[in-house]
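Here is how names work: the chains are called A, B, and so on, in the same order as the sequence lines, proteins then strands, and each is numbered from 1.
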There are 2 protein chains.
Amino acid sequence: MTDCSQNCGGRYSYGLAATLSIIAGKWKPLILYFLLDGPKRYGELKRNVHGVSAKVLIQQLKELEADRVLARTDYKEVPPRVDYALTPLGRSLADRIVPLCTWGTENMAEMVSILAERDRLL
Amino acid sequence: MTDCSQNCGGRYSYGLAATLSIIAGKWKPLILYFLLDGPKRYGELKRNVHGVSAKVLIQQLKELEADRVLARTDYKEVPPRVDYALTPLGRSLADRIVPLCTWGTENMAEMVSILAERDRLL
DNA sequence: CTGTATCCAAAGGGATACTG
DNA sequence: CAGTATCCCTTTGGATACAG
């Protein structure tokens, strides 16, 4: 989505399109949110972001790193130890994701109902 | 993502997983954001959400409707006139999306640089 | 422990043409 | 105007095995 020419009735959503191009990816918002808790090692991410595979995790981490929202630190130890942390830019982004989590939590009853209805229709 | 068992180091992200399951879809956040401007007709959405195809637009609208975040009104006229509006639930969700747009706008210079770098690597 | 490499399946999305 | 229907293709992500 390099084309950010989104115009929403006077509201310009260039910014939204740009943001979406960064957090697009099944696990990226969860990763960013998790890292608000502090730097985490690869294994910690793997265990806590339930369902993600090794391949996809490392892939999304690399993309987030390339997009400058997180930084990878290799401690050059044996056995290997690396961790991933939010950059200042990444932290400011993750802060904007928190309201999404809050919304889901606040409306959990409705969410459960919606997801149940979705399953029912299958 | 019916499995919302996401646990982020003490931070529970059930809520985030739930929210993501609602806004997952290439154009959904843009649609929700656009509708903050007020109810819109199908054609308006089609013209303003740049790049979306007729098929995918109607598909995502139906899903958002089924998920109770927007309501469709058919005015039973000829030629046909229908519009889509945020429900109260949908409005509260769209409100949480605004910060994402703001973030992209605030960091637009960085965004441009990041997207340019991404293209360069192709 | 932190990844890589390979192969594969499915979902999601897009183009085009058509309808009430 | 507001969709539908069909076909097709790319992207995304998942499983498994292996490596430094």
Side-chain angles (χ1 to χ4, degrees), chain A residues 1-3 5-6 17 20-31 34-35 39-67 70-85 115 118-119 121-122, chain B residues 1-3 5-6 17 20-31 34-35 39-67 70-85 115 118-119 121-122:
Chain A
M1 195 180 298
T2 301
D3 174 22
S5 51
Q6 294 293 339
L20 292 175
S21 82
I22 300 226
I23 62 176
K26 189 167 178 178
W27 311 98
K28 286 183 185 177
L30 288 164
I31 291 168
F34 184 30
L35 290 180
K40 300 294 175 193
R41 299 181 60 170
Y42 173 84
E44 292 181 281
L45 286 161
K46 182 83 177 56
R47 279 190 303 278
N48 287 281
V49 181
H50 301 309
V52 70
S53 68
K55 185 196 109 179
V56 173
L57 176 57
I58 195 66
Q59 184 178 297
Q60 309 220 336
L61 286 172
K62 284 187 175 182
E63 288 171 8
L64 290 170
E65 187 189 3
D67 286 345
L70 62 80
R72 174 180 183 275
T73 304
D74 185 341
Y75 293 92
K76 311 280 186 185
E77 300 176 355
V78 218
R81 180 163 72 98
V82 300
D83 67 29
Y84 294 87
L115 298 180
R118 219 188 259 179
D119 288 345
L121 295 175
L122 294 183
Chain B
M1 197 180 295
T2 300
D3 173 22
S5 52
Q6 293 293 339
L20 292 174
S21 82
I22 301 236
I23 62 176
K26 189 167 178 180
W27 311 98
K28 287 183 184 176
L30 288 164
I31 291 168
F34 184 31
L35 290 179
K40 301 293 175 193
R41 301 180 59 172
Y42 173 85
E44 293 181 280
L45 285 160
K46 182 83 177 55
R47 280 190 304 278
N48 286 280
V49 181
H50 302 309
V52 71
S53 69
K55 186 195 106 177
V56 173
L57 176 57
I58 195 66
Q59 182 179 297
Q60 308 220 337
L61 286 172
K62 285 187 174 182
E63 289 171 7
L64 290 170
E65 187 188 3
D67 286 346
L70 62 81
R72 174 180 183 275
T73 303
D74 186 340
Y75 293 92
K76 311 279 186 184
E77 300 176 357
V78 218
R81 182 162 72 99
V82 301
D83 67 29
Y84 295 86
L115 297 180
R118 222 188 256 177
D119 288 345
L121 295 175
L122 294 183

Undergrad: Anything under 4.0 Å to a heavy atom of chain A counts; send over the first and last such nucleotide of DNA chain D, read 5' to 3'.
TA: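 Taking any atom under 4.0 Å from a heavy atom of chain A, the span is dG13(D) to dG20(D).
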Undergrad: If I take atom CZ in residue Arg81(B) and atom C1' in nucleotide dG20(C), what distance separates them, rounded to the nearest angstrom?
TA: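 Distance, rounded to whole Å: 18 Å.
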Undergrad: Rounded to whole angstroms, how far apart are CZ on Arg47(A) and P on dG3(C)?
TA: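 Atom-to-atom, Arg47(A) to dG3(C), this comes out as 14 Å.
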Undergrad: Is there a side-chain contact between Leu115(B) and Ser21(A), using heavy atoms and a 4.5 Å cut-off?
TA: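 Leu115(B) vs Ser21(A): side chains touch.
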Undergrad: Roughly how far, to the nearest 0.5 Å, is CG of Asp67(B) from NZ of Lys62(B)?
TA: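 Reported to 0.5 Å precision, the distance equals 14.0 Å.
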Undergrad: What is the minimum heavy-atom distance between Leu70(B) and Leu61(B), and which atoms define it?
TA: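 In terms of heavy atoms, the two residues are closest at CD1-O, 3.9 Å.
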Undergrad: Any heavy-atom pair between the side chains of Leu20(A) and Leu30(B) that's under 4.5 Å?
TA: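 Yes; the side chains approach each other to less than 4.5 Å.
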Undergrad: At under 4.0 Å, does any side-chain N or O of Arg41(A) touch on OP1 or OP2 of dT2(C)?
TA: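 Yes, Arg41(A) has a side-chain N/O under 4.0 Å of OP1/OP2 on dT2(C).
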Undergrad: Looking across every strand, which nucleic acid part, if any, lies under 4.0 Å from Tyr84(A) by heavy atom: base, sugar-phosphate, or nothing?
TA: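 Sugar-phosphate contact only.
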Undergrad: Round to the nearest Å and state the distance from Leu45(A) atom CG to dC1(C) atom C1'.
TA: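 In whole Å, dC1(C) C1' and Leu45(A) CG are 13 Å from each other.
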Undergrad: Looking only at heavy atoms, what is the nearest atom pair of Tyr84(A) and Leu35(A), with distance?
TA: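 Heavy atoms of Tyr84(A) and Leu35(A) come nearest at O-CD2, 3.4 Å.
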Undergrad: Counting Watson-Crick and G-U wobble pairs whose two distances are both under 3.5 Å, find the runs of 3 or more in a row that involve DNA chain D.
TA: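 Stems (3+ consecutive pairs) listed as C:1-20 with D:1-20.
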Undergrad: Tell me which of Lys62(A) and Pro80(B) sits closer to the 5' end of DNA chain C, going by the nucleotide each one is nearest to.
TA: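 Mapping each residue to its closest nucleotide by heavy atoms, the 5'-most match is Lys62(A).
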Undergrad: Hey, does the side chain of Lys55(A) come within less than 4.0 Å of dC7(C)'s phosphate (OP1/OP2), counting only N and O?
TA: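 No, outside the criterion.
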Undergrad: Passes side-chain contact (heavy atoms from CB on, under 4.5 Å), Lys26(B) versus Val49(B)? Steps please.
TA: CA-CA 11 Å; Lys26(B) 189 167 178 180; Val49(B) 181; over 6 Å; no
Undergrad: Hey, which of these two, Pro79(A) or Ala54(A), hits DNA chain C nearer its 5' end, going by closest nucleotide?
TA: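 It is Pro79(A) whose nearest nucleotide is closer to the 5' end.
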Undergrad: Rounded to the nearest angstrom, tell me the gap between atom NE2 in His50(B) and atom C1' in dG14(C).
TA: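 Whole-Å distance recorded here is 18 Å.
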Undergrad: Measure the distance from NZ on Lys28(B) to P on dA11(C) and round it to the nearest whole Å.
TA: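 It works out to 15 Å between those atoms.
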Undergrad: Going from CG on Leu45(A) to CD1 on Ile58(A), what distance comes out if it is rounded to the nearest 0.5 angstrom?
TA: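 The CG atom of Leu45(A) sits 9.5 Å away from the CD1 atom of Ile58(A).
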Undergrad: Contact class for Gln60(B) vs. all strands (heavy atom < 4.0 Å): base, sugar-phosphate, or nothing?
TA: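 If one applies the 4.0 Å heavy-atom cut-off, Gln60(B) turns out to touch the sugar-phosphate alone, with no base involved.
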Undergrad: Would you say Gln59(A) places a side-chain N or O within less than 4.0 Å of OP1 or OP2 belonging to dG3(C)?
TA: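 For dG3(C), OP1/OP2 do not have a side-chain N/O of Gln59(A) under 4.0 Å.
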Undergrad: From NZ of Lys46(B) over to P of dT16(C), roughly how many Å is that when rounded to an integer?
TA: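 Answer to the nearest Å: 12 Å.
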Undergrad: Gln60(A) and Ile31(A): which non-hydrogen atoms are nearest, and at how many Å?
TA: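 Minimum heavy-atom separation between Gln60(A) and Ile31(A): CB-CD1, 4.2 Å.
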Undergrad: Please classify the nucleic acid contact of Glu44(B) as base, sugar-phosphate, or nothing, using heavy-atom distances under 4.0 Å.
TA: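 Nothing, no nucleic acid heavy atom in range.
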Undergrad: Quickly work out the Asp83(A) CG to dC1(C) C1' distance and round it to whole Å.
TA: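 One finds 13 Å between C1' of dC1(C) and CG of Asp83(A), rounded.
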Undergrad: If you compare all heavy atoms of Lys28(A) against all heavy atoms of Ile22(A), which two are closest, and at what distance to 0.1 Å?
TA: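 Taking Lys28(A) first and Ile22(A) second, the nearest heavy atoms are CD-O, 3.5 Å.
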Undergrad: Rounded to whole angstroms, how far apart are CD on Glu63(A) and C1' on dG3(C)?
TA: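 It works out to 16 Å between those atoms.
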Undergrad: Please report the closest heavy-atom contact between His50(B) and Trp27(B), naming both atoms and the distance.
TA: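 Closest pair (atom of His50(B), atom of Trp27(B), distance): O-CZ3, 3.4 Å.
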